[in-house]
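Worksheet: one structure, shown below.
Everything numeric in this text was worked out from a predicted model, so none of it was measured. Each chain gets a letter, A, B and so on, in the order the sequences are listed, and its residues count up from 1.
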Number of protein chains: 4
Amino acid sequence: MTKNKLWQASDGDALDPVVEKYTVGDDQTLDQLLLGHDITATKAHAHMLEKIGILNADEYEQLAAKLDELYALWQDGSFVVTSEYEDGHTAIETYLTAELGDIGKKVHTGRSRNDQALVMMRLYVKDNMQTIQEATKQLIYAYEKKTKEVGDQPMPGYTHTQKAMPASVAMWLGSYHDAFNDALPYLKDTTNYLDQNPLGSAAGFGVGLPLDRDMTTKELGFKSVQENPMYCGLSRGVFELAAVQALSLLMVYAGKFADDMLRFTSQEYDFFSLPRTMTTGSSIMPHKRNYDVFEIMRANAHEFGLHAGKLQAIAGGVGSGYHRDLQLTKGITIKALETAKSTIEVLTLCINNLSLKKEKLDAAMTEELETVAAINKLVEQGVPFRDAYQQVKKSLS
Amino acid sequence: MTKNKLWQASDGDALDPVVEKYTVGDDQTLDQLLLGHDITATKAHAHMLEKIGILNADEYEQLAAKLDELYALWQDGSFVVTSEYEDGHTAIETYLTAELGDIGKKVHTGRSRNDQALVMMRLYVKDNMQTIQEATKQLIYAYEKKTKEVGDQPMPGYTHTQKAMPASVAMWLGSYHDAFNDALPYLKDTTNYLDQNPLGSAAGFGVGLPLDRDMTTKELGFKSVQENPMYCGLSRGVFELAAVQALSLLMVYAGKFADDMLRFTSQEYDFFSLPRTMTTGSSIMPHKRNYDVFEIMRANAHEFGLHAGKLQAIAGGVGSGYHRDLQLTKGITIKALETAKSTIEVLTLCINNLSLKKEKLDAAMTEELETVAAINKLVEQGVPFRDAYQQVKKSLS
Amino acid sequence: MTKNKLWQASDGDALDPVVEKYTVGDDQTLDQLLLGHDITATKAHAHMLEKIGILNADEYEQLAAKLDELYALWQDGSFVVTSEYEDGHTAIETYLTAELGDIGKKVHTGRSRNDQALVMMRLYVKDNMQTIQEATKQLIYAYEKKTKEVGDQPMPGYTHTQKAMPASVAMWLGSYHDAFNDALPYLKDTTNYLDQNPLGSAAGFGVGLPLDRDMTTKELGFKSVQENPMYCGLSRGVFELAAVQALSLLMVYAGKFADDMLRFTSQEYDFFSLPRTMTTGSSIMPHKRNYDVFEIMRANAHEFGLHAGKLQAIAGGVGSGYHRDLQLTKGITIKALETAKSTIEVLTLCINNLSLKKEKLDAAMTEELETVAAINKLVEQGVPFRDAYQQVKKSLS
Amino acid sequence: MTKNKLWQASDGDALDPVVEKYTVGDDQTLDQLLLGHDITATKAHAHMLEKIGILNADEYEQLAAKLDELYALWQDGSFVVTSEYEDGHTAIETYLTAELGDIGKKVHTGRSRNDQALVMMRLYVKDNMQTIQEATKQLIYAYEKKTKEVGDQPMPGYTHTQKAMPASVAMWLGSYHDAFNDALPYLKDTTNYLDQNPLGSAAGFGVGLPLDRDMTTKELGFKSVQENPMYCGLSRGVFELAAVQALSLLMVYAGKFADDMLRFTSQEYDFFSLPRTMTTGSSIMPHKRNYDVFEIMRANAHEFGLHAGKLQAIAGGVGSGYHRDLQLTKGITIKALETAKSTIEVLTLCINNLSLKKEKLDAAMTEELETVAAINKLVEQGVPFRDAYQQVKKSLS
């Protein structure tokens with residue numbers, strides 16, 4: 001149970017431990033991951049408090065030094081948001097107060113845990129969207145390189161899981177190249193969408209102090225101030241939704257590619273392979289070689305399809321103003337971003353290591369793939385298309 | 001049961017009626033709505049077939065005239081995609097063949113129902129995304145106008161559904177203004193994302209005829225050709241997903257505003273009202289005045305949160321190449337776009353007609369809203385924030 | 001626009017047509033489907049009103065006759081809930097009042113459209129759950145019959161879409177038999193769960209008249225009275241959820257079987273076939289034979305996976321007491337039940353018509369399926385399992 | 001990276017660490033929670049191997065002793081499924097082999113990690129469903145007790161968030177009592193549904209050894225053998241779905257009650273309260289008293305609404321036979337069960353501690369709640385209901 005609660009009167013009753021465990025949930029674990037961004041934003045906030053005269057220069061210097069120290073402790077894993085603290089925000093203030101006394105008690109002036117959580121999440125999401133953007137560029141490049149490498153190797157085109165018309169490996173890989181390439185701008189647009197600074201909105205209604213929001217905006221590298229304080233809170237769960245939705249476009253294509261690969265690497269097709277180091281075996285059947293990397297990818301894509309739905313159920317389930325419901329959007333968002341990041345990286349590795357089985361591909365180019373060509377020949381001789389179609393159809397039966 | 005199937009041998013067995021009913025589903029109804037776009041794209045396709053010499057000038061003229069005629073019949077409701085046709089595409093080819101004989105039989109040269117459906121849906125989605133963009137601009141303007149109109153009327157700010165700090169009606173309305181305004185670029189970006197011409201991809205693997213895809217692209221007003229034919233099919237369900245996701249940002253905010261309104265129009269708050277002509281009554285309680293327009297809006301938002309999930313379940317449930325699973329993405333997409341369009345329009349109407357109950361709002365500005373101001377006063381006197389907080393807290397108990 | 005609203009003062013302002021269209025949505029279409037149950041419950045209600053003296057015997061006789069007449073008109077499609085009526089409930093009262101004057105005006109005594117909608121939906125869901133239960137029994141029987149019919153035909157067992165161990169067609173079909181058979185009790189349990197009569201709960205708080213709820217319960221064939229009137233309303237959307245969830249078990253297995261069939265009927269496997277009358281063709285490729293009945297089945301299963309989520313988003317999005325949000329649960333429920341019903345019927349037809357391609361099945365029984373048997377031989381000779389595994393593994397490389 | 005993989009040849013290449021990290025995911029953490037059930041089932045399996053002569057009595061005794069030892073180590077937290085092991089199953093076999101040499105290598109005879117995971121999950125789900133059933137009985141009892149305690153305290157009934165008709169606190173609490181009480185049989189039925197033993201199905205196709213499945217069934221306390229080995233695998237993700245769906249009925253009502261409470265504890269209603277030890281405060285506003293226990297409950301209910309959807313997306317996304325996609329159903333199921341369990345426990349605590357504010361409740365019983373009573377009076381005087389309604393309506397304006 002937490003010892004320190006920022007809001008508790010020193011002589012107040014302790015929070016019921018069952019209620020506490022239920023409401024805190026996995027928040028401490030999640031905040032551990034996010035703490036770096038919280039520390040960074042706290043430092044910018046303190047710097048601004050100095051500028052507007054709430055802190056003097058010496059106080060700020062001491063806070064800045066302690067925050068740098070804390071960041072280093074967090075980075076090497078020696079500062080942990082244990083269950084002793086209600087959340088990461090509390091851990092930081094408690095640490096500063098323990099180390100610096102009254103100076104630590106000043107750091108929360110002009111802010112609330114609401115805007116503290118908001119700015120931390122915006123920094124986290126922005127950071128990860130940029131990382132994923134770079135990873136996606138690598139993936140697109142991998143498809144491009146492999147597409148060139150495979151030359152004009154033919155491959156059957158399928159519709160309804162049935163052989164349809166001639167296609168090529170390059171056409172197939174190229175279709176995913178284009179799919180990821182077209183989705184790329186969404187990542188950038190979404191980063192723009194959420195690149196606004198909510199710090200200074202306090203509990204969602206501003207605070208009657210002359211905060212310099214432009215200063216923290218510049219210091220934290222945001223594009224602009226998110227002016228309306230109620231909008232800052234209103235957008236909680238929704239800017240995360242925008243990010244998750246942009247990533248959905250990547251995930252749905254990754255899942256479809258994985259599904260293709262699982263079919264095309266079965267013994268019945270056997271068109272492609274990955275190196276033995278990228279497949280796994282069975283605990284009971286020694287001959288097995290499983291492409292389970294694509295199964296996990298497909299399952300991640302299927303699960304991903306509902307992350308945005310969960311965010312909408314939670315964020316859309318409440319009106320304006322902060323509701324603690326929104327705490328649950330953190331875990332969903334983090335899971336979504338981490339999954340997308342690792343999926344794109346793994347898929348790039350797979351594309352780079354993909355091998356063709358040319359003989360099997362060639363052997364699959366059977367004659368039923370040529371019926372449209374036969375129709376076209378008749379069409380060029382002047383037979384109306386639908387008559388040509390019926391003529392070829394008759395010849396097949 | 002349908003009489004005409006494009007793919008059936010004249011002497012072929014009839015499709016089992018139970019299977020037919022199940023597979024066709026509500027496709028005929030949906031295609032009725034989409035038929036205009038199908039006719040438009042068919043005309044562009046025919047024009048292109050003339051250019052590349054599959055049709056002569058006279059044949060194209062006859063087809064163009066008949067397609068214009070059909071468009072007019074559709075527009076006034078006298079041409080209906082009945083259960084006699086497997087789908088809208090079949091209805092068009094059947095009509096042209098009945099009217100023009102061999103000329104009608106030529107119209108399907110170089111295309112498949114796959115790219116026919118794709119181009120029709122892209123036109124439909126693009127069209128509607130532009131309409132919704134305009135509607136959203138009207139909504140933003142309505143919020144802006146109302147925000148100015150309400151002046152500096154105070155209103156309590158709530159967190160956790162409890163009174164928190166002073167806010168204002170303008171701040172509250174302004175938060176939604178900003179939310180919709182920030183979402184607006186998504187509508188435009190999404191229109192760009194999907195503004196590509198799939199016509200000419202045929203069954204997803206191109207077709208061995210020298211189709212002039214630039215010509216149909218220009219004629220249909222698309223920004224570019226969607227080059228890779230497998231990508232055309234691969235993106236089925238996904239470009240629709242992009243549209244639905246962009247609209248999610250609007251819907252989640254509309255739902256949250258609706259929830260606010262339902263609370264703020266209850267007798268216990270009674271801050272706002274709509275004209276009597278926009279509220280409804282009860283079949284049993286004569287005194288009731290219900291804001292059910294906001295209830296339907298909220299429910300639409302809640303349901304909307306899973307349209308994108310459904311598209312991902314279906315489109316993400318299959319690999320590349322056409323699968324008839326994708327037919328089911330049509331109904332979901334149409335429902336989503338129609339709901340978003342009407343919701344934005346109705347919300348605009350509500351904002352324009354919103355009245356304030358100033359006395360009730362003023363009376364709600366009770367003293368507990370001022371505790372942060374009291375802390376700030378102490379902070380300005382040099383008391384560390386956390387000590388000031390505890391001091392004010394003690395004074396309240 | 002509707003002419004008649006039960007709640008409108010004769011001299012009242014008309015409801016804004018934009019608001020009306022938005023709030024009514026597709027309610028009139030849905031109520032058309034449900035009207036029979038509404039009429040049935042109205043008759044039982046009137047009978048009870050006679051018993052408690054609100055109506056005299058003659059009044060009831062006239063109402064009963066008119067309701068029977070209306071039922072017949074509805075059944076042959078000549079009574080339609082047009083947009084003239086706000087909903088089906090209004091259509092009925094309007095009809096009775098037009099035909100019987102003051103007697104018609106008495107029928108709504110002691111009820112509200114709330115309990116009227118509730119009882120109608122409970123009757124509809126119960127009715128359909130029983131139908132689906134019978135259909136599922138047929139399906140189970142079809143699997144049983146086919147399982148016997150196929151004898152001991154071997155078939156490869158697959159894990160990770162790779163050949164694993166020997167299995168049989170009977171084992172494969174039998175697994176679905178058992179799956180549906182185990183799910184069957186859920187349908188019955190769910191019918192029990194929702195077999196309660198909400199009529200008499202009025203707007204959710206009862207009504208101060210001595211209604212005889214036991215009488216309507218008996219007359220409508222419900223198992224018991226749903227006593228607490230607030231519970232009647234509270235369960236709106238949730239009893240439907242229970243039904244949809246029970247059906248999910250059927251749909252997920254139907255979708256999995258469809259996915260199996262699409263793989264096993266591809267040219268690369270070619271283990272099974274359906275008659276030509278149950279497959280479809282392509283508008284462009286005359287050789288195609290598509291098993292799209294299974295694609296629609298799989299897509300229906302995928303979409304089905306979110307019907308319950310939608311019901312929870314809507315019903316779970318509001319507290320107790322009626323909110324018009326709940327109106328939207330009707331369409332979702334009806335769609336789910338109709339889909340499940342047709343899916344089970346179509347799947348039964350498919351199983352009954354399934355043919356085996358014995359040569360292809362036999363040819364697929366390749367030697368890698370026998371590695372576990374090889375290990376077992378060693379194990380029986382006393383070699384520890386893990387050593388035997390490694391020994392066989394080594395022999396394969 | 002894991003050192004030990006059951007399937008790897010001693011001289012085999014190591015699995016690519018990026019692929020390994022991606023495919024393993026959080027499996028080790030989840031297996032830590034489930035390990036007890038895995039050990040229990042392993043012991044029953046070994047006992048059966050002794051009975052059929054694969055192990056001799058001494059070998060079994062040694063294995064049993066080591067498994068008991070391992071269970072104790074796991075229970076006190078000193079045995080951890082670290083990243084050194086691919087999963088919990090591997091951890092157990094590795095432990096036994098390290099401790100007992102050849103005897104440990106024999107334990108996997110006649111089973112696969114597939115049936116090992118299946119039996120472990122069935123035991124886990126069954127166990128938790130029973131726990132939740134008991135917890136739900138406590139909750140029902142708490143509602144019952146509180147309902148009696150509040151007597152006939154009146155409370156307004158609301159529809160459309162507007163005052164409607166007179167209700168009572170007992171009616172309101174009683175509606176939730178009935179809701180949970182009706183849902184209770186689902187928990188039992190579901191426990192029956194999944195109470196089958198999959199152990200012995202091996203990789204999903206049985207294994208050619210004379211396993212005594214009745215013996216392990218009896219030893220593990222299952223009701224019956226799950227006979228068809230392909231059904232064992234086919235039901236993976238679906239028996240979990242059945243459990244999660246049954247719990248949905250509880251969660252949707254818990255969420256609705258939470259939403260009620262958040263409205264009824266706002267200053268504007270102020271009908272109820274919880275003790276100070278069950279509410280929380282604000283880091284910035286010293287006067288706040290937040291009922292965030294209900295906000296987390298509501299958000300948990302909203303998120304819960306999609307757990308079943310996720311299971312269907314994953315389990316429904318693959319055909320028969322094991323696919324590693326199914327690994328991802330573990331985390332979703334565990335999260336759902338743990339959430340339901342804690343929610344029911346916390347809600348029980350809240351009901352037990354609920355206080356009424358009688359004055360506020362009494363003051364809320366305003367006259368508009370009496371319009372239906374006024375109509376009924378006229379009805380009893382013989383005025384047709386609809387005329388009486390219009391008469392009362394006119395008197396109000």
| Does any heavy atom of chain D fall under 4.5 Å from the side chain of Leu326(A), the backbone, both, or neither of them? | neither
| said: What's the separation between atom CG in Asp292(A) and atom OH in Tyr22(D), rounded to the nearest 0.5 Å? | reply: 11.5 Å
| request: Looking only at non-hydrogen atoms, find the nearest pair between Thr277(A) and Ala14(D) and report the distance. | output: CG2-O, 3.4 Å
| query | What residue in His108(D), Arg298(D), Gln312(D) has the most heavy-atom pairs under 4.5 Å with chain A? | reply | Arg298(D)
| field | Engaged part of Thr343(D) at the chain A interface, taking heavy atoms whose separation is under 4.5 Å | value | both
| task | Among the options His323(D), Arg324(D), His307(D), Met297(D), pick out the one with the most heavy-atom pairs lying under 4.5 Å from chain A. | result | Arg324(D)
| Pairs of heavy atoms under 4.5 Å with chain D: top-ranked of Asn300(A), Leu262(A), Val18(A) | Asn300(A)
| message | Heavy-atom pairs under 4.5 Å with chain A: which of Ala203(D), Ser282(D), Gly317(D) has the most? | response | Ser282(D)
| remark: Scored by heavy-atom pairs under 4.5 Å with chain D, the best of Glu93(A), Lys310(A), Arg113(A), His302(A) is Lys310(A)
| Max heavy-atom pair count under 4.5 Å with chain A, selected residue of Lys21(D), Gln327(D), Met278(D), Lys288(D) | Met278(D)
| Rounded to the nearest 0.5 Å, what separation is found between the CD atom of Glu303(D) and the CG atom of Asp325(A)? | 11.5 Å
| message | I'd like to verify something: which residue of Val207(D), Ile296(D), Thr279(D) has the highest number of heavy-atom pairs under 4.5 Å with chain A? | response | Ile296(D)
| field | Donor + acceptor pair across side chains of Ser283(D), His89(A) (<3.5 Å) | value | no
| message | Using heavy-atom distances under 4.5 Å, tell me whether Ala202(D) contacts chain A through its side chain, its backbone, both, or neither. | response | side chain
| said: Does any backbone or side-chain atom of Thr23(D) lie under 4.5 Å from a heavy atom of chain A? Answer side chain, backbone, both or neither. | reply: both
| message | Please identify, among Leu349(D), Thr280(D), Leu311(D), Val19(D), the residue contributing the most non-hydrogen atom pairs under 4.5 Å to chain A. | response | Thr280(D)
| query | Arg111(A) and Ile284(D): side-chain contact (heavy atoms from CB on, under 4.5 Å), yes or no, with the steps? | reply | CA-CA 7 Å; Arg111(A) 71 171 183 180; Ile284(D) 176 172; over 6 Å; no
